[in-house]
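Worksheet for the structure shown next.
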Protein chains: 4
Amino acid sequence: MSGSLNKVCLIGNLGKDPEIRSTQDGREIANLTVATSESWKDKNSGERKERTEWHRVVIFSEGLVKVAKNWLAKGSKVYLEGQLQTRKWTDQSGVDRYSTEVVLQGYGAALTMLNKVDRDGGHEEDDAPPAQRPQQPPSELLDDEIPF
Amino acid sequence: MSGSLNKVCLIGNLGKDPEIRSTQDGREIANLTVATSESWKDKNSGERKERTEWHRVVIFSEGLVKVAKNWLAKGSKVYLEGQLQTRKWTDQSGVDRYSTEVVLQGYGAALTMLNKVDRDGGHEEDDAPPAQRPQQPPSELLDDEIPF
Amino acid sequence: MSGSLNKVCLIGNLGKDPEIRSTQDGREIANLTVATSESWKDKNSGERKERTEWHRVVIFSEGLVKVAKNWLAKGSKVYLEGQLQTRKWTDQSGVDRYSTEVVLQGYGAALTMLNKVDRDGGHEEDDAPPAQRPQQPPSELLDDEIPF
Amino acid sequence: MSGSLNKVCLIGNLGKDPEIRSTQDGREIANLTVATSESWKDKNSGERKERTEWHRVVIFSEGLVKVAKNWLAKGSKVYLEGQLQTRKWTDQSGVDRYSTEVVLQGYGAALTMLNKVDRDGGHEEDDAPPAQRPQQPPSELLDDEIPF
DNA sequence: TTTT
DNA sequence: TTTT
């Protein structure tokens, strides 16, 4: 019992397809890039403004990795619940860097699809393999506008 | 209406006294450093493990800055609710860096004190200046473990 | 400062159109009937089970009443955030009864539309009057399967 | 996957000791009575007002029943997370009645103690039997204000 | 990069 | 009564 709470709840859209990777010990994890946006009227100018926030999401829970893999794609709207974790790493010039992520793992983690995105095929079975995704263009991987 | 949600809920303890700063346009903001911790039994070794996570919190809401200023101190346990924002900045060597913070601003922001920390005096009036704080005693929350 | 938290978060679908009523002092309130459902596989029989829970929602916040009135209809999927309140009333035979509702009022209340439901017309302006709704059939009002 | 969310988060104090009962099939469940309160200044009179809300909480999760049994008592402050359920029952005069409860069961359920209440002994072992509880002292949480 |  |  720790007397503390660390919870993040997001409703947003995936900016790209989930990225599935394997750890050294053979478990799969999924990385999501989720956009939340809010809009408001500027008090002075009266014009409509919008701000989009991008979130890194890392899924360790086996069942939720399966959901991400089989059901989510670029544009999917999701509800997710996880916890904030800041990870330390060292960049190529030896400087300490920190990256903050929303981690879905263990109790309290949740991932729910809120819409259906057009995907070739669709999946009736939970364990069905995902439809073949087109090879991602390199621009997706090299895009340096993404803030992480 | 944006159809999105960006919410962080934390229950944790302040690692140090709130830091109050003023913006150029004269408004006050408060920075909190909040620790959440979780503990679990390692499946293999059976030993008790603990992990502490540190969160940067920035308060813009005028009323909540006042709460932080007048009622919170190192060691205070709080419940807070805000949103995730990642801010870009440039370090002294000109490299882009990102910092993720929990921002308390506008609707949906909340800050509640969950315990009373010994402070000389206490405050009956919301707007009373904080009592002079005693030098902080050594604490289980060690300043040099805070990663920022 | 109360040191307490009373928060309900729902994502669900409206079971009927919002009901708009006026209080004696001329303010409008909206009542929503929201269904959440969960499904699971029964451990013994292996069959898929589903349970639907119905929630009474009462909206007092002026802006959110407007959202309900102008944008929501039977079938709408919403995210909402409010607080639990149990109201006491006396039934026709003089017995005390209690009704628990999710109340959207003041800080921390939220209501977001997560999908678009087909409605005749649609509304470009926040303040535009809602499309003319067909008169509700009496069966809607008399339905005694609704648990409240 | 249902696309819905049913979540209640409370921080409040127990109005009485947890009540532990056994189901027919031998599992233990715990009932909590939790008070949340909020206070505000009346806009017209300027006087401070307070409203206390009482919540019925039912715990089915085995581990959380153990937490309630061994660590909680009247006056304990807790954080808990569960879901809303309305249960139908028939009163002694044969009238259908409904009772809405916060249910802690399965994924997403949480119960955390936020303070220590004086208890003779305390418990170092999770599974230790609770110390004999002293007769409860008169308290600011008056039993006869609890509406159930 | 998403979405409205 | 909703929805998947």
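Numbers restart at 1 for each chain; the letters A, B, ... are given by sequence-line order, proteins then strands.
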Figure out the CG/P separation between C:Asp17 and F:dT2, and round it to whole Å.
12 Å

Just compare E:dT1, E:dT2, F:dT2 and give me whichever is closest to any side-chain atom of C:Asn13.
F:dT2

Protein-nucleotide distance (C:Leu114, atom CG; F:dT4, atom P), rounded to Å:
13 Å

Rounded to whole Å, the CG-P distance (A:Leu72 to E:dT3) equals 14 Å

Proximal nucleotide (of F:dT3, F:dT1, E:dT1) relative to the C:Glu50 side chain
F:dT3

Whole angstroms only, please: what is the CZ-P distance between C:Arg51 and F:dT3?
20 Å

Among the nucleotides F:dT1, E:dT2, E:dT1, which one has an atom lying closest to any side-chain atom of C:Lys16?
F:dT1

Whole-Å distance separating the CG atom of C:Asn70 from the P atom of E:dT4
20 Å

Side chain of C:Thr52, base of F:dT2: donor and acceptor closer than 3.5 Å?
yes

Find the distance A:Tyr79:OH to E:dT3:P and express it as a whole number of Å.
22 Å

D:Val58: which residues meet the side-chain contact (heavy atoms from CB on, under 4.5 Å) condition with it, sequence neighbours left out?
D:Ile29, D:Asn31, D:Phe60, D:Glu101

Is A:Glu53 salt-bridged to A:Arg51, cutoff N-O under 4.0 Å?
yes

Rounded to the Å, how far apart are C:Ile11 CD1 and F:dT4 C1'?
14 Å

Choosing from F:dT3, F:dT2, E:dT2, which nucleotide comes nearest the side chain of C:Lys74?
F:dT2

With sequence neighbours left out, write down each residue that passes ring pair (Phe, Tyr, Trp, His ring centres under 6.0 Å) with C:Tyr107, or none if nothing qualifies.
B:Tyr107

Specify the separation, in whole Å, of atom CZ of A:Arg48 and atom P of E:dT4.
16 Å

Less than 4.0 Å between a side-chain N and a carboxylate O, is that true for A:Glu62 and A:Arg27?
no

